Amino acid sequence: MDFRRNSFLWFVFVTTVLLLRAGNPVGAGVFATVALAGRWAYFRITQGPPPTSDTLLGAYEAPPPPPAEEALKTEWITKRELGILAAVAVVGGVLYLTRDKGGFIHVVGSNLHVSVDDERVEPLHRVDRHLTYRVPSGSHRVGLYDPAVGGSGRRLQVDVREGEAFMLSTSPDLCIVQVDMATLKYGQPLRQDKVALPVLARFTEPLTPVRIPPNAFLDVAELPATHSKGPSPSLLTLIPCPQAQDDRSAWDAVRTNIPIVHVWAWRAGYTDTQPAQARETPP
């Protein structure tokens with residue numbers, strides 16, 4: 001038995017299975033295709049023609065090399081085979097580059113324990129209390145536990161497609177609001193419509209994942225220094241759900257919970273003078 005040959009095949013088989021179990025069928029197919037094609041090419045290059053009865057018995061002397069014009073007919077790697085190998089490599093590369101990269105879930109909390117389909121996951125990025133996790137495309141059970149919130153944790157169902165990003169609430173008592181930062185952070189004039197408050201949206205169902213809008217951020221430290229072209233930067237933040245029932249109470253909660261927003265609001269000309277408490281996020 002050729003131990004090295006079988007070890008390589010076992011390695012390819014086990015790695016392919018692990019990639020499939022991790023929810024990456026495209027990566028598994030690309031890996032298996034490239035690995036087996038590479039092994040085939042290696043053996044074609046490094047091994048000569050199979051022995052015959054004459055060469056094994058030593059009763060036959062190898063014929064002289066073929067004429068130059070017939071050399072291509074006797075090469076072990078022909079142009080056709082090189083073309084097949086190149087096509088496999090190209091197809092494998094295209095499949096790899098176009099593979100489904102999954103989406104993201106975002107949470108804000110302290111010492112969070114996050115699981116996806118009952119398996120603990122580690123954050124891909126961390127900015128202060130804002131944590132980002134990559135998840136494969138599809139429907140997943142997400143478990144959240146924040147010791148600062150208490151309780152036994154919570155479970156949410158999240159259906160993620162490639163490139164999508166969702167913010168999740170870590171508590172049934174905390175809802176998400178979206179605040180326009182164009183005036184507050186970047187000094188643009190106050191809006192002249194009937195709804196002068198900068199509250200863009202209120203999400204009052206804490207069990208429902210919130211799809212993150214374009215150019216929205218989850219921490220004031222993430223806001224860009226200047227406002228470039230495109231959608232106005234906004235802030236997604238958590239507030240107690242009773243205060244998320246209308247724009248006025250939601251705006252008061254945001255100013256109370258995030259002192260720098262209270263300062264920006266005063267500078268921008270908002271007249272509400274409710275004092276800000278010394279905490280950055282809801283308890």
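Here the structure is a predicted model, which is why all the values come from computation and not from measurement.
- Scanning both residues, V160 and G103, for their nearest heavy atoms gives CG1-CA, 3.5 Å.
- You'll find the ring centres of W251 and Y270 inside the 6.0 Å limit.
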Would you sort out whether V142 and L168 count as a side-chain contact (heavy atoms from CB on, under 4.5 Å), showing the intermediate values?
CA-CA 9 Å; V142 178; L168 310 182; 3.8 Å; yes
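- Taking Ile, Leu, Val, Met, Phe, Trp and Tyr as hydrophobic and joining them when side-chain heavy atoms fall under 4.5 Å apart, one finds F104 in a cluster with L124.
- Although no hydrogens or angles enter the test, the distance criterion places a donor-acceptor pair under 3.5 Å between the side chain of N215 and the main chain of P231.
- Salt-bridge formation is not detected for the pair R211/D159: no Lys NZ or Arg NE/NH1/NH2 atom is positioned less than 4.0 Å from an Asp or Glu carboxylate oxygen.
- Looking only at distances, a side-chain donor or acceptor of E222 sits under 3.5 Å from a matching main-chain atom of L218.
- Annotation for M181 and Y186: closest pair O-CD1, 3.3 Å, computed over non-hydrogen atoms.
- Side-chain atoms of R129 and S110 include a donor-acceptor pair closer than 3.5 Å.
- The closest side-chain heavy-atom distance from I258 to V220 is below 4.5 Å.
- By the 4.5 Å heavy-atom criterion applied to side chains, C241 and F203 are not counted as neighbours.
- The main-chain N or O of T132 is never found under 3.5 Å from a side-chain atom of R126 such that the two would form a donor-acceptor pair.
- With no hydrogens or angles considered, no side-chain donor-acceptor pair links S115 and D118 at under 3.5 Å.
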Start with the C-alpha distance between L235 and Q178, add both sets of side-chain angles, then the distance that settles side-chain contact (heavy atoms from CB on, under 4.5 Å), and finish with yes or no.
CA-CA 6 Å; L235 180 69; Q178 182 185 6; over 6 Å; no
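- Between the side chains of H130 and D219, not a single donor N or O lies within less than 3.5 Å of an accepting N or O.
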So F166 and H106, side-chain contact (heavy atoms from CB on, under 4.5 Å) or not? Walk me through it.
CA-CA 6 Å; F166 292 89; H106 298 253; over 6 Å; no
Does the side-chain contact (heavy atoms from CB on, under 4.5 Å) test come out yes or no for M167 and V107, once each step is laid out?
CA-CA 6 Å; M167 181 179 180; V107 290; over 6 Å; no
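- We find that R202 and D247 are joined by a salt bridge, their nearest charged nitrogen and carboxylate oxygen being less than 4.0 Å apart.
- In terms of the ring pair (Phe, Tyr, Trp, His ring centres under 6.0 Å) criterion, residue partners of H113 (sequence neighbours excluded) are, by chain and number, Y145.
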